[in-house]
Amino acid sequence: MHILITGVAGFIGFHLAKRLLDMEHSIYGIDNLNAYYDPQLKKNRLQMITDYPHFQFFLQDIASHESMKVFFEKQKLDCVIHLAAQAGVRYSLVNPHAYIESNILGFLNILEGCRFQSVPHLVYASSSSVYGLNTKLPLSVNDSVDHPVSLYAATKKSNELMAHTYSHLYQLPTTGLRFFTVYGPWGRPDMALFLFTKAIIENKPIQVFNNGNMKRDFTYIDDIVEGIIRVMSVIPTPKPISQIPALSPGLSPAPYRLYNIGNNQSVQLQYFIELIENYLGKKAIKEYLPMQPGDVQETFADIESLNKATGFQPKIRIEEGIKRFITWYKQYYA
């Protein structure tokens, strides 16, 4: 297959590209290598895949309508996996314009490219953040997501609505994946596992929000990649409205589907920190702080619909996943 991966130098994009290249697919990778976090980490990820003969990298911004239009006109694609986005809940409080440019305008350019080039399947990244103020657990794609608590979450819900519109109007098959706290080797430096590991090694305090009373559905990167690859081959098809028992966020007569992709369990933040301490052989200096604006207390993914559609089942437990990350971190930073 000829596959476009946007955000190919990012955490998920890099791992997915490497796996697909190992499977001998042809990969076109787009990334703007911005400075939201250390660009050198992104460049080092790219160095791991640039020698593959079936990989082509394009340094460009998805928010640029003209450059994206030219790209789509020149390529014949079997699938687009759209992972590029301005990430981070707390940063959206500081630089909201970056989220509109990348997550809204950029996503529109992807939809338009897929539409005019009749791409057979668009798979795109949503986020567990869309659940916002929901308190019913586990979180289901059939739940209402009308109350986001950060601009980042609002842009991701907007992506889902935009994708449904294009699926309905233009019969563009789209699949959205709500990722739940992805972690693992080569991870993002703004994520808790990276921040905590770095701080503990450097004998600096870690910031523990909501006084540690938080739980997350942590999902290991290899499980995420496996889920994306499974979803790629399950192309949504239109269905008569009579076959849809009730319209919901995850189900539509349009060729549109929406899935949670998580580990299907919730881990207490204090236990998460204990595991890091155990593998580092050092205790953390903890600075307890109140809940931050835009955060939620707990996430827990209901993955039943993804399992039924693709057979997806996460395999890596949090204990093993953190161990693998810390092994990588020590090697990477010597």
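In this chain, residues are counted from 1 in sequence order.
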A.B. asks: May I ask you to say whether Lys42 pairs ionically with Asp38, meaning some side-chain N is under 4.0 Å from a carboxylate O?
C.D. replies: no

A.B. asks: Taking NZ, NE, NH1 and NH2 as the nitrogens, is one of them in Glu160 or Lys156 under 4.0 Å from a carboxylate oxygen of the other?
C.D. replies: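 No, this pair does not count.
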
A.B. asks: Using ring pair (Phe, Tyr, Trp, His ring centres under 6.0 Å) as the criterion, list what pairs up with Tyr288, not counting sequence neighbours.
C.D. replies: none

A.B. asks: Might you confirm whether atom CZ of Arg90 has over 12 heavy atoms from other residues, nucleotides or ligands at distances under 6.0 Å?
C.D. replies: yes

A.B. asks: Determine whether Tyr37 and Val94 fall in the same hydrophobic cluster, where Ile, Leu, Val, Met, Phe, Trp and Tyr are linked whenever their side-chain heavy atoms lie under 4.5 Å apart.
C.D. replies: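 The answer is yes; both residues are in one hydrophobic cluster.
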
A.B. asks: Does Asp143 reach the main-chain N or O of Ser140 with its side chain, forming a donor-acceptor pair under 3.5 Å?
C.D. replies: yes

A.B. asks: Will you find, in the side chains of Asp217 and Gln265, an N or O donor that is under 3.5 Å from an N or O acceptor?
C.D. replies: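 Result is no, nothing qualifies.
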
A.B. asks: Go through the side-chain N and O atoms of Gln40 and Asn44 and say whether any donor and acceptor fall under 3.5 Å apart.
C.D. replies: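 Yes, because at least one side-chain N or O of Gln40 sits under 3.5 Å from a partner of the opposite role on Asn44.
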
A.B. asks: Assert yes or no for the condition that the ring centre distance of Phe14 to Trp186 is strictly below 6.0 Å.
C.D. replies: yes

A.B. asks: May I ask you to decide whether Arg324 forms a salt bridge with Asp222, counting only side-chain N to carboxylate O separations under 4.0 Å?
C.D. replies: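 Yes, this pair counts.
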
A.B. asks: Within the side chain of Thr6, is there an N or O that forms a donor-acceptor pair under 3.5 Å with the backbone of Ala84?
C.D. replies: yes

A.B. asks: Counting heavy atoms not belonging to Glu73, are there more than 12 under 6.0 Å from its CD?
C.D. replies: yes

A.B. asks: Would you check, one step at a time, whether the test ring-ring contact (aromatic ring centres under 6.0 Å, His included) holds for Tyr36 with Tyr91?
C.D. replies: CA-CA 9 Å; Tyr36 169 63; Tyr91 187 61; 5.0 Å; yes

A.B. asks: Decide whether Asp302 and Tyr259 meet the rule of one side-chain donor and one side-chain acceptor closer than 3.5 Å.
C.D. replies: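 Side chains of Asp302 and Tyr259: no pair found under 3.5 Å.
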
A.B. asks: Centroid-to-centroid, Phe325 to Tyr183, below 6.0 Å?
C.D. replies: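 No, too far apart.
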
A.B. asks: Donor-acceptor pair, Arg257 side chain versus Ser252 backbone, under 3.5 Å?
C.D. replies: yes

A.B. asks: Just by distance, do the side chain of Lys282 and the backbone of Ile200 share a donor-acceptor pair under 3.5 Å?
C.D. replies: yes

A.B. asks: Would Lys323 and Glu319 pass as an ion pair if we require N to O under 4.0 Å?
C.D. replies: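 Not counted as a salt bridge, because no side-chain N and carboxylate O are separated by less than 4.0 Å.
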
A.B. asks: What pairs meet the ring pair (Phe, Tyr, Trp, His ring centres under 6.0 Å) rule with one or both residues in residues 139-182, with sequence neighbours excluded?
C.D. replies: His164-Tyr256, Tyr166-Tyr170

A.B. asks: Does either side chain, that of Ser167 or that of Thr174, offer a donor lying less than 3.5 Å from an acceptor on the other one?
C.D. replies: yes

A.B. asks: I'd like to know if Leu93 and Val296 are part of one continuous hydrophobic network [Ile/Leu/Val/Met/Phe/Trp/Tyr, side-chain heavy atoms within less than 4.5 Å].
C.D. replies: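 Different hydrophobic clusters.
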
A.B. asks: Say whether, by atom type as modelled, one donor and one acceptor occur between the side chain of Ser102 and the main chain of Tyr99 under 3.5 angstrom.
C.D. replies: no

A.B. asks: Shared ILVMFWY cluster between Ile27 and Met23, side chains joined below 4.5 angstrom?
C.D. replies: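 Linked within one cluster.
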
A.B. asks: Flag this pair as yes if the NZ/CZ of Lys69 is under 6.0 angstrom from the six-membered ring centre of Phe116 and inside a 45 degree cone about the axis; otherwise no.
C.D. replies: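 Because its charged atom misses either the 6.0 Å distance or the 45° angle limit, Lys69 does not stack over Phe116.
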
A.B. asks: Indicate yes or no for a side-chain donor-acceptor contact from His121 to the backbone of Met232 under 3.5 Å, with no hydrogens or angles considered.
C.D. replies: yes

A.B. asks: With sequence neighbours excluded, what pairs up with His82 under the ring pair (Phe, Tyr, Trp, His ring centres under 6.0 Å) test?
C.D. replies: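 For His82 the ring pair (Phe, Tyr, Trp, His ring centres under 6.0 Å) partners, ignoring immediate neighbours, are Phe107.
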
A.B. asks: Ignoring hydrogens and geometry, is there a side-chain-to-backbone donor-acceptor pair from Asn109 to Met68 under 3.5 Å?
C.D. replies: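 No, Asn109 side chain to Met68 backbone: no donor-acceptor pair under 3.5 Å.
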
A.B. asks: Answer yes or no: does atom NZ of Lys283 have more than 12 heavy-atom neighbours from other residues, nucleotides or ligands under 6.0 Å?
C.D. replies: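 Result for NZ/Lys283: open.
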
A.B. asks: Is it true that a side-chain atom of Asp61 and a backbone atom of Ser64 form a donor plus acceptor pair closer than 3.5 Å?
C.D. replies: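 Between the backbone of Ser64 and the side chain of Asp61 there is no qualifying donor-acceptor contact (under 3.5 Å).
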
A.B. asks: For the backbone of Asn307 and the side chain of Thr310, can you confirm whether one donor and one acceptor N or O come within less than 3.5 Å of each other?
C.D. replies: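 No, because the side chain of Thr310 does not come within donor-acceptor range (under 3.5 Å) of the backbone of Asn307.
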
A.B. asks: Quick one: are Phe72 and Glu112 in side-chain contact, heavy atoms under 4.5 Å?
C.D. replies: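 No, too far: nothing below the 4.5 Å cut-off.
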
A.B. asks: What about Ile201 and Met191, same hydrophobic cluster or not, with Ile/Leu/Val/Met/Phe/Trp/Tyr joined at side-chain heavy-atom distances under 4.5 Å?
C.D. replies: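 No; tracing contacts between hydrophobic side chains, which count when under 4.5 Å, never links both residues.
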
A.B. asks: Is the shortest side-chain heavy-atom distance between Met291 and Gln297 below 4.5 Å?
C.D. replies: yes

A.B. asks: Could you tell me whether a side-chain N or O of Glu287 sits under 3.5 Å from a main-chain N or O of Ile206, the two making a donor and an acceptor?
C.D. replies: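 Absent.
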
A.B. asks: Decide side chain to side chain contact (heavy atoms under 4.5 Å, CB included) for Gln75 and Phe58; before the verdict, give the C-alpha distance in whole Å, the side-chain angles of both, and the deciding distance to 0.1 Å.
C.D. replies: CA-CA 12 Å; Gln75 316 301 335; Phe58 299 83; 4.0 Å; yes

A.B. asks: Does NZ belonging to Lys204 count more than 12 external heavy atoms closer than 6.0 Å?
C.D. replies: no

